[in-house]
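As structure tokens, the structure follows; a few thoughts come after it.
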Amino acid sequence: MRVATWNINSLKARLERLLLWLESTEPDVVCLQELKCAEADVPAEALAAAGYEIAAAGDGRWNGVAILSRVGLADVQRGLDSQPAYDGQVESRAIAATCGGVRVWSVYVPNGREVDHPHFAYKLAFFDALAETVKAGAAGKVPFAVLGDFNVCPSDDDIWSVEEWAGTTHITKPERDALTAVESIGLADVFPRALKHEWPFSYWDYRNLDFPKNRGLRIDLALANPAFKTAVADAYVDRNERKGKGASDHAPLVIDLDL
DNA sequence: ATGCCAACGGAACGTTGA
């Protein structure tokens with residue numbers, strides 16, 4: 001089974017590229033983030049024609065997460081248990097489903113903006129709710145993984161320059177502690193191989209030639225329980241999908257399972 | 001070659017992202 005996660009930065013703007021990528025890569029399950037479209041506007045027919053069911057949670061202009069599957073899509077949960085609100089809104093940042101015997105979460109962790117911004121506390125609170133929500137799944141015997149855009153670089157190696165990013169979000173101790181807390185309930189980082197260069201970054205800013213210069217971050221992760229982790233046969237970041245006109249600023253993380 | 005920000009809503013440009 002092939003499972004992937006991809007922050008596509010608008011489902012509508014990326015639909016043609018997504019369909020081409022589905023055809024070439026043939027994933028069974030795809031966790032998507034940053035749909036930037038309402039649930040009612042999801043192009044379900046085009047995806048169905050490609051062979052995929054979709055379960056989505058979408059606010060409209062921002063956020064939005066989904067799970068695509070061609071191996072069944074059941075027991076959908078939208079949102080975390082006790083998910084915190086921001087500015088009075090519980091945003092579309094998490095969705096779960098069981099696909100082909102594997103339970104997956106697609107999550108879009110809040111950015112945090114700046115360390116002294118309310119969005120940063122919101123980010124940490126989201127992590128707390130995430131850890132609490134996925135506890136049972138992590139401890140279960142069913143292959144289980146939380147995939148998505150975590151907006152945290154797990155280590156200093158996961159960012160092109162800690163010096164350039166000094167004092168910013170994504171690399172602070174509270175964020176890394178929050179990520180570690182999720183892992184400590186029994187979920188391990190499925191570390192991918194890089195298709196080029198020495199490190200599997202998954203995000204490169206559109207600006208400043210960051211992609212050609214490989215000024216990247218590894219923030220798109222898959223945290224897996226033992227049943228999922230032991231089945232991993234291969235994992236890679238498909239940086240080729242970051243190339244060309246109309247690319248997302250994130251590349252897909254692809255995981256092959258022997259199940 | 002991978003190439004200098006993109007998408008959204010709404011109809012100009014401010015907001016968001018990481």
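Quick caveat: nothing in here was measured; it's all calculated off a predicted structure. Proteins get letters first, then strands, A, B, ... in listed order; numbering begins at 1 in each.
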May I ask you to check whether W199(A) and F191(A) place their ring centers less than 6.0 Å from one another? yes
Taking only residues two or more places apart in sequence, or in another chain, which ones meet Y236(A) in a side chain to side chain donor-acceptor pair (under 3.5 Å)? none
Using the C1' atom as the point on both nucleotides, what is the distance between dT16(B) and dT2(B), in whole Å? 25 Å
State, with a plain yes or no, whether a side-chain heavy atom of M1(A) is found less than 4.5 Å away from one of V71(A). yes
Contact list please: residues 161-177 of chain A against DNA chain B, heavy atoms, distance less than 4.0 Å, in numerical order. W165(A), H170(A)
For D81(A), all residues meeting side chain to side chain donor-acceptor pair (under 3.5 Å), sequence neighbours excluded: Q77(A)
Could you give the distance separating dA11(B) and dA1(B) at their P atoms, to the nearest angstrom? 41 Å
Would you please say whether a donor-acceptor pair under 3.5 Å links the side chains of D59(A) and S92(A)? yes
Within this structure, what is the NZ-to-C1' distance between K12(A) and dA6(B), rounded to whole angstrom? 16 Å
Atom-pair distance (CD on E16(A); P on dA7(B)), nearest Å: 14 Å
Student check: side-chain heavy atoms of I219(A) and V152(A) closer than 4.5 Å: no
H250(A) near the nucleic acid: base, sugar-phosphate alone, or nothing, with a heavy-atom cut-off under 4.0 Å? sugar-phosphate
Check the distance between dT16(B)'s P and K123(A)'s NZ and give it to me in whole angstrom. 16 Å
What is the separation between atom CG on N9(A) and atom P on dG17(B), rounded to the nearest whole Å? 11 Å
First of N111(A) and L11(A) reached from the 5' end of DNA chain B, by closest nucleotide: L11(A)
May I ask you to check whether N151(A) and K123(A) show a side-chain donor-acceptor distance below 3.5 Å? no
Nearest-angstrom distance, P atom, dC5(B) to dG10(B): 27 Å
So what does N7(A) hit on the nucleic acid, given a heavy-atom distance under 4.0 Å: a base, only sugar-phosphate, or nothing? sugar-phosphate
What's touching nucleotides 3-5 of chain B from the protein side, N or O pairs under 3.5 Å?
residue : atom : partner : partner atom : Å
dG3(B)  : OP1  : G244(A) : N            : 3.2

Partners passing salt bridge (Lys or Arg N to Asp or Glu O under 4.0 Å) against R2(A) (at least two apart in sequence or in another chain): D256(A)
Partner residues of T169(A) under the side chain to side chain donor-acceptor pair (under 3.5 Å) criterion, sequence neighbours left out: none
Just checking D149(A): base, sugar-phosphate only, or nothing, at a heavy-atom cut-off of under 4.0 Å? sugar-phosphate
Measuring from the side chain of N151(A) (C-beta onward, heavy atoms only), which nucleotide among dT2(B), dA7(B), dA18(B) has the closest atom? dA18(B)
For R14(A), which contact category applies under a 4.0 Å heavy-atom criterion: base, sugar-phosphate, or nothing? sugar-phosphate
Inter-nucleotide P distance (dC4(B), dG9(B)), Å rounded: 25 Å
Which whole-number value in Å describes the distance from D220(A) CG to dG17(B) P? 15 Å
What integer distance in Å separates H117(A):NE2 from dA18(B):C1'? 14 Å
So, are D41(A) and K36(A) salt-bridged, with charged N and O less than 4.0 Å apart? no
Just to be sure I understand the rule, does Y108(A) reach a base, reach only the sugar-phosphate, or reach nothing, if contact means heavy atoms closer than 4.0 Å? sugar-phosphate
Whichever of A13(A) and H119(A) has its nearest DNA chain B nucleotide further upstream toward 5': A13(A)
Using whole Å, report how far CG of N240(A) lies from P of dT2(B). 8 Å
